[in-house]
Amino acid sequence: MKIGMSHGAGGEIMQDLISDMILGNIKNKKVNGGVGLEDLDDGATIPIGENEIVISTDSHTIDPLFFPGGDIGRIAMAGTVNDVSVMGARPLAIANAMIISEGFSGEELERIIQSMDEVCQETGVAIVTGDTKVMENDKLDKMIICTTGIGIASKGAITPDSGLEVGDKIILSGSVGDHGISLMSYREGFGFETDLKSDVAPVWDIVQTALNIGGVNAMKDPTRGGIANALNEMTSKSGLGMYLDEEKIPVKREVHAASEMLGIDPFEVANEGKVIMSVKPEKADEMVAAIRKTKYGGGAQIIGEVTDDKHVILETSMGGKRILEAPIADPVPRVC
Ligand code: MG
């Protein structure tokens, strides 16, 4: 077998590669009984004393490096901070490894580093260690950034993606499809006239607001494969289902228009600044109101609730129902 682009595109094909070739060939997959590799969560946990250390890592290959709403530096930092955050942990520190191609612009590199620093300052995270390598320009497409993040939570307070409970309300922190659709529109050379931008942003403020209110049973950031993938991962790992009101899922007018033109479902494309939360029903209204006051959570909505019927069911605007399936692969490649 040979690796194809869809093996890195956050859908069923990538999941199969991970289970068949990666998990099967690694023996030691967890530490001290924490969340480990086989749990395939946003990050792993290492219980130590009264705390759990959360660790998560990402490689970033986005094309192009600079896009409407951000650049590879912002996405590298926000992406890792967000994976640590949605585990229910306060992000603390980042390790940053960069592989740069020979001939890369020093000015652009500086802009990228400044974008990283901006996210760090906003979230109170420090870049504490790193590594820099250079490769011949015909062997690497401009740059790859690998970020590893560490965070901390009290023991037992983490929010795994498998923690859904029947009757929980599902909160989505804002509009979907902005990142993937804006990137695709930009690459295809249209969409310059619109305000459509990537949503790439750190979600720690949203997460912290929710954790302070309490009652969060599960969280996930809907990145590659979009909400279709994230919601199905949450339900299948929990052995439960969801009933969602499609009209409550915010999709910007420009995203809707561009998706139709591109023939892409905005529910299946990446977001880079959103959170899905499964919360105790009595906390949901207070939580949405509080999240709407945060910088990046203004569009938060309760989009539905957890059921015991094992499918993600969407009630459509026409009153019909359809099952929202996990995508085979994200329709837009190299989005993060
Ligand atoms: Mg994630």
(Q) I need the single residue from D42, N96, T147 that forms a side-chain hydrogen bond (donor to acceptor under 3.5 Å, both in side chains) with T80. Which is it? (A) T147

Q: Flag the pair K252 and D199 as a salt bridge only when some basic side-chain nitrogen lies within less than 4.0 angstrom of an acidic carboxylate oxygen.
A: no

Q.
Whether the side chain of H179 engages the backbone of V335 through a donor-acceptor N/O pair (distance < 3.5 Å, no angle test) should be reported.
A. yes

Q) Just by distance, do the side chain of K310 and the backbone of G239 share a donor-acceptor pair under 3.5 Å? A) yes

Q: May I have the step-by-step check of side-chain hydrogen bond (donor to acceptor under 3.5 Å, both in side chains) for D117 and Q121, ending in yes or no?
A: CA-CA 6 Å; D117 187 58; Q121 290 195 41; 2.7 Å; yes

Q) Donor-acceptor pair, R334 side chain versus T61 backbone, under 3.5 Å? A) yes

Q: Give a yes or no answer on whether the side chain of K321 reaches the backbone of Y243 with a donor-acceptor pair at less than 3.5 Å.
A: no

(Q) Please determine whether side-chain hydrogen bond (donor to acceptor under 3.5 Å, both in side chains) holds for the pair D205 and T294, giving the CA-CA distance in whole Å, both sets of side-chain angles, and the decisive distance to 0.1 Å. (A) CA-CA 7 Å; D205 190 23; T294 63; 4.8 Å; no

Q. Got W204 and V84 here, is their nearest side-chain heavy-atom distance under 4.5 Å?
A. no

Q.
Has N32 got a side-chain atom pairing as donor or acceptor with G34's backbone, closer than 3.5 angstrom?
A. no

Q. Can you find a heavy atom in the side chain of E305 that is under 4.5 Å from one in the side chain of P281?
A. no

(Q) If we check side-chain contact (heavy atoms from CB on, under 4.5 Å) with M87, which of these qualifies: I55, N82, D41? (A) D41

Q. Any donor and acceptor pair, going by atom type alone, linking the side chain of S154 with main-chain N or O of A157 inside 3.5 Å?
A. no

Q: Before accepting this row, confirm whether a basic side-chain N of the pair K295/E122 lies closer than 4.0 Å to the acidic partner's carboxylate O.
A: yes

Q | Side-chain donor or acceptor of K29 paired with backbone N/O of L23 under 3.5 Å | A | yes

Q. Is it true that a side-chain atom of N271 and a backbone atom of G177 form a donor plus acceptor pair closer than 3.5 Å?
A. yes

Q: State, yes or no, whether a side-chain contact exists between P64 and R187 at a heavy-atom distance under 4.5 Å.
A: yes

Q) Can you tell me if D161 uses its side chain to pair, donor with acceptor, with the backbone of M234 under 3.5 Å? A) no

Q: Side-chain contact test, heavy atoms from C-beta onward, threshold under 4.5 Å: evaluate it for K274 versus I227 and give yes or no.
A: no

